[in-house]
2 protein chains.
Amino acid sequence: MDTRTAEHICDDIEIRIVNGDLVEGKPLPAERSLMEAYGASRTVIREVITALTAKGFLRSRPRFRPIVCRPDASTAMHAAGGVIKHLLASSQNVHDLYQVRVLCERMLVRDAAVGAQREDIQRLRQALDDNEQAIDDSARFYATDVAFHRQLYVISGNSAFPAIHQAFVEWLAPQWSQMPRSPERNRTNFLAHQAIFEAILSRDPDLAEKALISHLDSSWQFVSSTFFAEETP
Amino acid sequence: MDTRTAEHICDDIEIRIVNGDLVEGKPLPAERSLMEAYGASRTVIREVITALTAKGFLRSRPRFRPIVCRPDASTAMHAAGGVIKHLLASSQNVHDLYQVRVLCERMLVRDAAVGAQREDIQRLRQALDDNEQAIDDSARFYATDVAFHRQLYVISGNSAFPAIHQAFVEWLAPQWSQMPRSPERNRTNFLAHQAIFEAILSRDPDLAEKALISHLDSSWQFVSSTFFAEETP
DNA sequence: CTAACAATTATGGTCATACCAAACTTCGCA
DNA sequence: TGCGAAGTTTGGTATGACCATAATTGTTAG
């Protein structure tokens with residue numbers, strides 16, 4: 001026999017969460033109830049709870065009952081984030097991750113240029129307008145910047161991409177969100193966004209990709225010169 | 001004061017792992033040693049261990065000391081996998097994930113067509129040859145198939161992409177690795193790989209992308225008709 | 001009767017101790 | 001020197017207890 005009682009209970013609860021037996025948003029039964037239900041000691045139950053929490057199936061605050069979380073693509077990314085944040089201590093890994101983002105967005109803008117629907121264009125234009133309105137408010141500009149790029153992921157119609165975008169934003173936030181910003185810099189970025197939008201509007205994937213690369217490369221130059229200036233290549 | 005002693009110890013051990021204080025591949029100190037070291041009870045230490053295991057910083061078999069794992073991009077993907085595997089119970093999510101893979105590979109082959117070096121081409125050709133040699137051995141064909149696609153990720157020169165490829169393979173394995181296979185089907189796939197290779201060789205990104213899309217779409221058709229045939233659209 | 005407050009209970013966080021079985025070490029014997 | 005048995009270490013689990021805080025209930029004042 002396998003000696004891991006906890007694993008079995010863990011798997012069972014996972015299943016009960018995904019199939020809706022344990023309702024998302026509601027608290028897990030009390031530890032002492034689960035003891036009885038599974039005929040295990042509290043030690044084991046608590047081990048199960050910590051494991052499920054780390055896996056993203058529960059969200060537990062210190063002195064409260066753990067809340068059931070039916071995991072989605074977003075929580076999957078979040079689970080990976082626990083490791084990723086350590087990897088990003090190396091600027092090489094930051095660069096690699098950023099390049100992954102660039103690759104995704106290059107393809108996304110190409111596809112958007114070819115296949116974006118009228119509503120997609122409309123939402124993108126709205127995001128662009130919001131971006132322009134925020135040029136003089138750097139905090140808001142950052143938010144609308146993120147939102148504009150997010151729209152590129154939404155257009156794909158693939159539910160995984162918004163989650164991926166969210167992951168990129170969270171993981172790269174330590175550098176990007178704390179960049180020194182200015183209305184001039186914001187205007188530059190807005191114009192880059194506008195160029196991407198125009199290229200999509202004119203149904204030109206090559207131009208859209210080129211505009212995107214130019215924008216993201218410039219952004220990388222700015223970030224890397226700010227944060228990784230002293231590192232030896 | 002914060003009531004979560006375990007979290008502090010957890011963070012501390014994480015740091016000691018990433019900075020090399022705790023050596024990768026070596027076993028963690030015994031639970032009873034950690035008790036003394038941190039002045040905590042065994043309950044807390046065990047909680048820390050289970051959490052770190054779920055996070056991917058330790059790899060623990062039932063009755064053995066946990067092995068220290070300095071996490072890399074691959075283990076990050078693996079951590080996400082615990083959630084992903086549940087999501088992939090829905091064929092919609094399988095499709096979405098597959099489309100993410102398709103998008104990545106489309107861009108990768110485009111870039112390969114533009115920028116692949118001589119050694120890249122050589123390795124890709126080698127992978128293609130291996131693939132051809134394995135047409136009559138379906139098990140080996142699957143391995144060489146994976147290896148060929150992997151090469152597309154390697155060419156990028158970005159250390160994150162091989163890990164992403166590994167993740168795609170693992171997550172989609174339940175469907176793909178158990179597909180009914182035949183030498184005829186293998187030959188079809190080999191020819192598709194060859195077409196992709198030729199397009200890269202002729203430095204034609206549009207053609208390479210087209211060949212890839214054709215290949216992966218056909219593969220999806222085959223898989224979805226096998227596994228998701230009876231589902232109502 | 002209701003609302004604010006106090007007492008009680010439920011529950012999570014932590015600790016100490018104990019027992020077992022499997023893994024590891026040691027040591028003596030061949 | 002090599003090997004196997006006995007003893008020790010260590011992880012897996014259980015039990016019971018204590019504390020602090022959240023949730024609940026009961027009580028009282030307005």
**Study point:** Atom pair CZ (B/Phe222) and CH2 (B/Trp176), whose distance is rounded to the nearest 0.5 Å
**Key:** 11.5 Å

**Study point:** Atom pair distance, as rounded to whole Å: CD1 in B/Ile45 and P in D/dT13
**Key:** 18 Å

Practice item. To the nearest Å, give me how far apart CD (B/Glu7) and C1' (C/dG12) are. Key: 14 Å

Review point. Should the heavy atoms of other residues, nucleotides or ligands under 6.0 Å from NE2 of A/His78 be counted, would the total exceed 12?
Key: no

Revision key, fill the gap. Separation of D/dG12 atom C1' from A/Glu47 atom CD, nearest Å, is 8 Å

Check your understanding: Can we call the ring centroids of B/Phe57 and A/His86 under 6.0 Å apart?
Key -> yes

Exercise for review: For side chain to side chain contact (heavy atoms under 4.5 Å, CB included), just list the numbers for B/Leu103 and A/Asn158, CA-CA rounded to whole Å, side-chain angles, deciding distance to a tenth of an Å, and then say yes or no.
Suggested key: CA-CA 11 Å; B/Leu103 180 135; A/Asn158 183 323; over 6 Å; no

Point to revise | A/Met35 CE - C/dA10 P separation (whole Å) | key: 15 Å

Point to revise | Counterpart residues, ring pair (Phe, Tyr, Trp, His ring centres under 6.0 Å), relative to B/Tyr38 (two or more places apart) | key: none

Practice item. Please lay out, stage by stage, how A/Glu170 and A/Gln166 fare under the test side chain to side chain donor-acceptor pair (under 3.5 Å). Key: CA-CA 6 Å; A/Glu170 282 182 18; A/Gln166 180 62 24; 3.0 Å; yes

Pairs: protein N or O with nucleotides 7-11 of chain D N or O, under 3.5 Å:
{"unit_1": "D/dG11", "atom_1": "OP2", "unit_2": "B/Glu31", "atom_2": "N", "d": "3.0"}
{"unit_1": "D/dG11", "atom_1": "O3'", "unit_2": "B/Pro62", "atom_2": "O", "d": "3.0"}
{"unit_1": "D/dG11", "atom_1": "N7", "unit_2": "B/Arg32", "atom_2": "NH1", "d": "2.9"}
{"unit_1": "D/dG11", "atom_1": "N7", "unit_2": "B/Arg42", "atom_2": "NH2", "d": "3.4"}
{"unit_1": "D/dG11", "atom_1": "O6", "unit_2": "B/Arg32", "atom_2": "NH2", "d": "3.3"}
{"unit_1": "D/dG11", "atom_1": "N2", "unit_2": "B/Arg63", "atom_2": "NH1", "d": "2.9"}
{"unit_1": "D/dG11", "atom_1": "N2", "unit_2": "B/Arg63", "atom_2": "NH2", "d": "3.1"}
{"unit_1": "D/dG11", "atom_1": "N3", "unit_2": "B/Arg63", "atom_2": "NH1", "d": "3.0"}

Exercise for review: Ignoring backbone atoms, test whether B/Thr5 places a side-chain nitrogen or oxygen under 4.0 Å from the OP1 or OP2 oxygen of C/dT14.
Suggested key: yes

